[in-house]
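Here's the structure we're looking at; comments come further down.
Numbers restart at 1 for each chain; the letters A, B, ... are given by sequence-line order, proteins then strands. Everything quoted here is computed from the prediction, not taken from an experiment.
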There are 2 protein chains.
Amino acid sequence: MNNPLPETVPTPFVLVDEQTLRNNIRRIHAYADRHGLAVRPHIKTHKSLRMARMQMEAGAVGIAVAKVGEAEVMARLGDADMTVAYPAVGTERAGRIARLARNRSVRVAADCEFHMEILAAAAETHGTEIGIHIMFDAGLHRCGVSDPAQMVRLARYARNRAGLRYDGVQMYLGHLYGPAAEAPESFERINRLWEPVYERLCDAGLQPEMVSSGSTPSLFNTHRVRHISEIRVGTALLNDYFILKFGHCTQDACAARLVATVVSDAVPGQVIIDAGAKALSAKQLLRHEQLELGYIPEHPEARIFRLHEEHGWVDVSRCPERPRVGDRLGIVPVNVALCMNLHDTWYLLSTTGDPETEKVDARGCVV
Amino acid sequence: MNNPLPETVPTPFVLVDEQTLRNNIRRIHAYADRHGLAVRPHIKTHKSLRMARMQMEAGAVGIAVAKVGEAEVMARLGDADMTVAYPAVGTERAGRIARLARNRSVRVAADCEFHMEILAAAAETHGTEIGIHIMFDAGLHRCGVSDPAQMVRLARYARNRAGLRYDGVQMYLGHLYGPAAEAPESFERINRLWEPVYERLCDAGLQPEMVSSGSTPSLFNTHRVRHISEIRVGTALLNDYFILKFGHCTQDACAARLVATVVSDAVPGQVIIDAGAKALSAKQLLRHEQLELGYIPEHPEARIFRLHEEHGWVDVSRCPERPRVGDRLGIVPVNVALCMNLHDTWYLLSTTGDPETEKVDARGCVV
């Protein structure tokens, strides 16, 4: 992002650099093409129809969402194939998913019969079918199972239950970041768990048509996990300070900034900006004993060390040129998805230079 | 909150118990009346016109906001007196404040001439005047000054500059929580800083008409600071886990819950709920080496130990009755203001039992 920060938009606001965004999309597809992987953008990161369209135009096979509300907003993309990559438990949710499934292929991640039964009932009520991705626990121990017999039992349920369609397996490599996201042993460990599961599924006539994997830090190593057919691409579209700090992207691949204004410099060595936890999110980054809540590329010596609701605290004591009241700062947020979700609008800094106003279309879709 | 959690509303959602809310309002006014303090609700906590109206009806003298957008939403309250208790630096903001000031008394917190000059220019352009509260730094070292000469200089600027109206002083006792919020020494220390400032202001003919103080942990000790005329009441209306955990309120004074559903129990001793950092906020509470991200009164042995964007991780290994997939849990959020701001709607659990749907009217007012 070499363009100057626009002065016309009141702060705080989210600015996305179009050129960086397009470079990131290109890099992801080049990787996926090289390894024969399909690309499925996870729109939870940006919640924007504009960005989703850019990703679809680049060759994505469909989209992933976490929330039913996001799926309903993204239905405006037309008949794009959808994965609700989340255990969307609940009768109300199931009904909404079933309604979406009447006009497009929709699947949902699941790790228990209780959940699948609700989805099946809703699909039957609405005269449609809902695809199922059984969640395989690759090591994060968040959702999913890794026992081969359990995986077979769940997959068989999805295959046999009326209203459901067994589509395959989903995994999430969220336990891999930092050196672990590059280390061959990490992927060998996953394969030692996953290969027996895959074989048992095949033996039972349940060979997964799709095996979808996600997580940005290990994204460009996904091919090391066997039988993966698709990558879900979330944060990697924009990147953020977590990804940068752990060495999983370069600074010129960070496409998003939260632009803030210095509103007080009354305390020596410190400035307060008009972006606190309600503009950046309260997400902290702890690395080498150092707590940070964002990164300011134009002032690399500055440290955002605390966020109150509306106040960002920045230690500028080591900055050769200290920002002053009224100055604007462009911040790489710790978690870009949490940051985007706090804003009704975002601004695309197009290659022609002017910021275009865009909506965060699926912001606040909590259900 | 003794009512059962409503089953009709899809999770996650914010539920506020009317009886608890009214009890909290009553307790705050009883304290304020006892000490001759005016009450000014800081609506940043709830961003709701409904709650603001309940507070105004209970005898509040006006409202406080952090953001100009919040002020514009709250203008629907009519001609209520408004404090923008935040250094609202910037030309665009100043113009919007000046427009609001044409129909009601509005003041803004400031700690530098640069900021006041922008406000004054906007007031002149719009043919109005904007009140100024000089920010006194009572020990938090966030904004404001504590040097008597500086305070006098800033107050004099506000008094003399055309377009501005010197209204007094604002302080924020955010550095006091836990035992420090009760300790007499804490308030003696503030008075040792503040008394000389107050005297110098009086000597200079700048006796502050209003001295406004805020911060929930020390709220019921505000009278120990001399010359305070008003309390700004934010979190204390609803309370949250931060306030509860540090002993500043009882559990029956926690008026708000984030209601979530268990969506996975695949990992033994743990459940995943459909409320992550996008429903609760990423705000952490660290106390006695224990990291927590919310509290579940109905399962006091449960611990919310991690929040991903849409996944809440709950350790239920110590629960005598473990919640299961599909169960609903009512969570006291760590920071209720950050939580409310993530939702378009909230639900009032009225004394008659049914949940009433309300808007988070000023949600996402980042500017």
Worksheet entry | Residues B/Glu310, A/Lys44: salt bridge by 4.0 Å N-O rule | no
Worksheet item: What closest approach, in Å, do A/Pro355 and A/Pro6 show between heavy atoms, and which atom pair accounts for it?
Response: CG-CB, 3.8 Å
Response to the item:
Nearest heavy-atom approach of A/Ile273 to B/Tyr86 is O-OH, 3.4 Å
Item to complete: Considering non-hydrogen atoms only, spot the tightest contact between B/His42 and B/Ala85 and give its length.
Response: NE2-CB, 4.1 Å
Response to the item:
Counting heavy-atom pairs under 4.5 Å with chain A, the top scorer among B/Ser264, B/Gly276, B/Gly364, B/Ser146 is B/Ser264
Item to complete: Return the option, out of B/Thr11, B/Val145, B/Thr261, with the maximum number of heavy-atom pairs under 4.5 Å with chain A.
Response: B/Thr11
Discussion item. Under 4.5 Å from any heavy atom of chain A, what part of B/Val267 do you find: side chain, backbone, both or neither?
Written reply: side chain
Response to the item:
If you tally heavy-atom pairs under 4.5 Å between each of A/Ile272, A/Asp274, A/Val367, A/Asp111 and chain B, the highest tally belongs to A/Asp274
Item to complete: For residues B/Val262 and A/Val89, determine if any side-chain heavy atom of one lies less than 4.5 Å from a side-chain heavy atom of the other.
Response: no
Practice prompt. Go through B/Glu309, B/Gln270, B/Glu92, B/Arg142 and name the one with the most non-hydrogen pairs under 4.5 angstrom from chain A.
Written response: B/Arg142
Item to complete: Select one option (side chain, backbone, both, neither) describing which atoms of B/Leu342 are under 4.5 Å from chain A's heavy atoms.
Response: both
Practice prompt. Hey, could you give me the CD1/NZ distance between B/Ile43 and B/Lys67, rounded to the nearest 0.5 Å?
Written response: 12.0 Å
Worksheet item: Is the OH atom of A/Tyr177 crowded by more than 12 outside heavy atoms at less than 6.0 Å?
Response: no
Practice prompt. Among the options A/His115, A/Lys47, A/Arg306, A/Met135, pick out the one with the most heavy-atom pairs lying under 4.5 Å from chain B.
Written response: A/Lys47
Discussion item. Given heavy-atom pairs under 4.5 angstrom as the criterion, report whether the side chain, backbone, both or neither of B/Val68 touches chain A.
Written reply: neither
Item to complete: Could you look at B/Gln150 and say if it's the side chain, the backbone, both or neither that has a heavy atom under 4.5 Å from chain A?
Response: neither
Worksheet, complete the sentence: Whatever's closer than 4.5 Å to a heavy atom in chain A on B/Cys112 counts as side chain
Fill in: Option that, when pairs with chain A are counted at under 4.5 Å, heavy atom only, ranks first among B/Phe114, B/Trp313, B/Phe13
B/Trp313
Practice prompt. Pick whichever of A/Ala66, A/Ala88, A/Ala337, A/Cys365 has the most heavy-atom pairs under 4.5 Å with chain B.
Written response: A/Ala337
Response to the item:
What one should report as the nearest heavy-atom pair of B/Leu280 and B/Cys339 is O-CB, 3.8 Å
Worksheet item: Which region of B/Asp344, side chain (C-beta onward) or backbone (N, CA, C, O), has a non-hydrogen atom less than 4.5 Å from a non-hydrogen atom of chain A, or is it both or neither?
Response: side chain
Worksheet entry | Interface moiety of A/Leu140 toward chain B, non-hydrogen atoms closer than 4.5 Å | both
Worksheet item: Should A/Pro323 and A/Val316 count as side-chain neighbours, where that means a heavy-atom distance under 4.5 Å?
Response: yes
Worksheet item: Do A/Asn335 and A/Ser281 have a side chain donor and acceptor closer than 3.5 Å?
Response: no
Worksheet, complete the sentence: One option among B/His141, B/His311, B/Arg324, B/Lys283 has the most heavy-atom pairs under 4.5 Å with chain A, and it is B/His311
Practice prompt. Check whether A/Val271 gets within reach of chain B through its side chain, its backbone, both or neither, counting any heavy atom under 4.5 Å.
Written response: neither
Worksheet entry | A/Ser215 versus A/Tyr172, closest heavy-atom pair with distance | CB-CE1, 3.8 Å
Fill in: Residue part contacting chain A, namely of B/Ile118, when any heavy atom lies under 4.5 Å
neither
